A.B. asks: 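Pasting in a structure now, in structure tokens, and then I'll have a few things to ask.
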Amino acid sequence: MAIRADIIEKKRILIVDDNIDYASRLRDYLSSNEYQVLVECEGTAAMARIRDEKPDLVLIETDMKGDSGLTICKLSRKDFKGGIILLSHRFDELDQVLGLDMGADDYISRNVSPRLILARCQAILRHTDRMNGTHQHSDDRLEFGNLMIDNNMREAWLDRQPIDLTSAEFDLLWLLASHAGEVLTREQIFSQLRGIEYDGQDRSVDVRVSRIRPKVGDDPIHPRRIKTVRSKGYLFVRDVR
């Protein structure tokens with residue numbers, strides 16, 4: 001029996017932006033591509049809706065009045081496991097690094113076309129679907145000395161203490177750890193985690209590696225667990241002595 005297209009549950013996207021005209025145009029475009037799109041223009045209300053309604057993806061304007069988009073992202077990320085994309089007029093490297101540091105999955109310019117924003121949304125949602133799938137086999141738990149990583153529970157522990165990781169940080173840690181002893185290029189990492197081709201400029205992988213290292217007990221200056229392989233990528237070392 002065929003499933004009617006009109007009863008298939010649509011992915012829910014929440015746009016957090018106090019520019020109503022821009023948010024409305026973006027809502028209409030995303031809605032025309034089969035998403036259920038909601039708009040919230042006030043920061044405190046947005047954080048409450050993210051917490052209570054748990055949309056599949058949130059698009060947040062960084063330069064909102066009152067609570068900034070970065071603040072909304074950081075505070076929401078403590079409990080929210082869905083995708084977060086920051087939209088900003090500012091697009092220099094420092095702003096991108098800061099946005100990713102706050103827990104965002106992507107950081108893009110407000111000036112790009114709605115079509116590109118749609119493509120980024122689709123990539124994040126595909127990735128979230130893969131990461132939130134059910135896992136039942138023993139390979140979903142990895143142990144490296146005092147470090148344990150469980151992909152079924154999406155949690156990690158160091159010396160039996162839980163590690164505070166964002167969803168994106170966990171995804172990267174799991175990818176590296178599940179390929180322990182193998183050098184993964186930035187292109188491979190970016191493609192696997194984001195579902196789109198690496199452009200050679202995005203620093204999100206490097207930022208997240210730098211944040212993960214101290215959390216897993218690695219030395220940020222002279223890392224032994226997650227090593228940078230010059231001109232290639234990253235190597236997760238299986239046995240650190």
Side-chain angles (χ1 to χ4, degrees), residues 70-71 73-84 86 93-107 124 127-128 130-195 198 202-241:
L70 292 175
T71 299
C73 177
K74 181 179 180 180
L75 296 178
S76 298
R77 186 48 94 190
K78 293 180 180 179
D79 301 305
F80 179 63
K81 302 301 183 183
I84 295 179
L86 293 177
E93 184 175 284
L94 181 60
D95 290 323
Q96 294 181 60
V97 170
L98 182 59
L100 296 168
D101 202 37
M102 294 295 105
D105 295 291
D106 205 349
Y107 185 106
I124 295 295
H127 171 66
T128 303
R130 289 198 303 270
M131 293 300 106
N132 289 340
T134 57
H135 306 279
Q136 301 297 333
H137 50 83
S138 59
D139 289 344
D140 281 333
R141 173 166 290 201
L142 301 174
E143 295 186 40
F144 305 92
N146 61 346
L147 174 65
M148 181 183 299
I149 312 167
D150 192 304
N151 197 31
N152 189 29
M153 299 177 66
R154 292 185 59 75
E155 294 181 0
W157 300 266
L158 182 67
D159 291 324
R160 302 189 180 216
Q161 297 300 311
I163 302 173
D164 183 18
L165 295 166
T166 67
S167 179
E169 289 169 356
F170 179 88
D171 294 340
L172 176 55
L173 175 60
W174 178 260
L175 178 63
L176 294 171
S178 61
H179 291 82
E182 176 184 348
V183 176
L184 294 182
T185 67
R186 287 177 177 81
E187 291 79 4
Q188 290 173 315
I189 295 170
F190 199 86
S191 175
Q192 181 68 27
L193 296 182
R194 298 279 292 279
Y198 181 57
D202 194 294
R203 290 199 57 214
S204 58
V205 170
D206 306 290
V207 171
R208 285 173 185 142
V209 167
S210 68
R211 286 182 57 84
I212 290 171
R213 278 174 170 148
K215 293 185 179 185
V216 299
D218 209 356
D219 184 341
I221 307 301
H222 302 289
R224 301 173 63 197
R225 172 67 73 188
I226 305 176
K227 293 192 172 186
T228 302
V229 181
R230 189 178 180 87
S231 301
K232 291 187 178 180
Y234 292 100
L235 168 68
F236 189 97
V237 179
R238 186 179 300 276
D239 296 313
V240 174
R241 301 184 185 279

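What you see is a predicted model, and the numbers here were worked out from it, not measured in a lab. Just so you know, residue 1 is the first one in the sequence shown, and it goes up from there.
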A.B. asks: With rounding to the nearest 0.5 Å, note down the distance linking CG in L142 to CG in L176.
C.D. replies: 11.5 Å
A.B. asks: Between R211 and D164, is there a side-chain N and carboxylate O pair less than 4.0 Å apart?
C.D. replies: no
A.B. asks: Could you tell me if the side chain of F170 sits less than 4.5 Å from the side chain of I149, heavy atoms only?
C.D. replies: yes
A.B. asks: Any idea which heavy atoms bring G103 and C73 closest together, and the distance?
C.D. replies: C-SG, 4.0 Å
A.B. asks: How about W157 and D150: do any of their side-chain heavy atoms sit closer than 4.5 Å?
C.D. replies: yes
A.B. asks: Atom CD1 of I226 and atom CZ of R208: how far apart are they, to the nearest 0.5 Å?
C.D. replies: 13.5 Å
A.B. asks: So do the side chains of F190 and T185 get within less than 4.5 Å of each other, counting heavy atoms only?
C.D. replies: no
A.B. asks: Let me confirm one number: the OG-CG distance from S210 to D101, rounded to the nearest 0.5 Å.
C.D. replies: 7.5 Å
A.B. asks: Taking NZ in K215 as the centre, count heavy atoms belonging to other residues, nucleotides or ligands within less than 6.0 Å. Is the count above 12?
C.D. replies: yes
A.B. asks: Which pair of heavy atoms, one from R141 and one from M148, lies closest together, and at what distance?
C.D. replies: NH1-SD, 3.3 Å
A.B. asks: Rounded to the nearest 0.5 Å, what's the gap from CD on E169 to CZ on R77? Could you check?
C.D. replies: 9.5 Å
A.B. asks: Is R154 salt-bridged to D171, going by a charged N under 4.0 Å from an acidic O?
C.D. replies: yes
A.B. asks: Might you point out which heavy atoms bring D105 and G83 nearest each other, and give the distance in Å?
C.D. replies: OD2-CA, 3.2 Å
A.B. asks: Less than 4.5 Å apart, any side-chain heavy atom of V237 and any of F144?
C.D. replies: no
A.B. asks: Sub-3.5 Å donor-acceptor pair from the side chain of R238 to the main-chain atoms of G181, do we have one?
C.D. replies: no
A.B. asks: What heavy-atom pair brings A156 and L173 nearest, and what distance separates the two atoms?
C.D. replies: CB-CD2, 4.2 Å
A.B. asks: Return the set of residues passing ring-ring contact (aromatic ring centres under 6.0 Å, His included) with F80 (not counting sequence neighbours), or none when no residue passes.
C.D. replies: none
A.B. asks: Which distance, rounded to the nearest 0.5 Å, do you find between the OG1 of T166 and the NZ of K74?
C.D. replies: 12.5 Å
A.B. asks: Are the side chain of S191 and the backbone of Q188 linked by a donor-acceptor contact shorter than 3.5 Å?
C.D. replies: no
A.B. asks: Output yes when a side-chain donor or acceptor of R225 lies under 3.5 Å from a complementary backbone atom of G217, and no otherwise.
C.D. replies: no
A.B. asks: Looking only at non-hydrogen atoms, find the nearest pair between L98 and L70 and report the distance.
C.D. replies: CD2-CD1, 3.6 Å
A.B. asks: Indicate the atoms forming the closest heavy-atom contact of E182 with L235, along with that distance.
C.D. replies: N-CD1, 3.4 Å
A.B. asks: Side chains of D206 and Y234: does their closest heavy-atom pair fall under 4.5 Å?
C.D. replies: yes
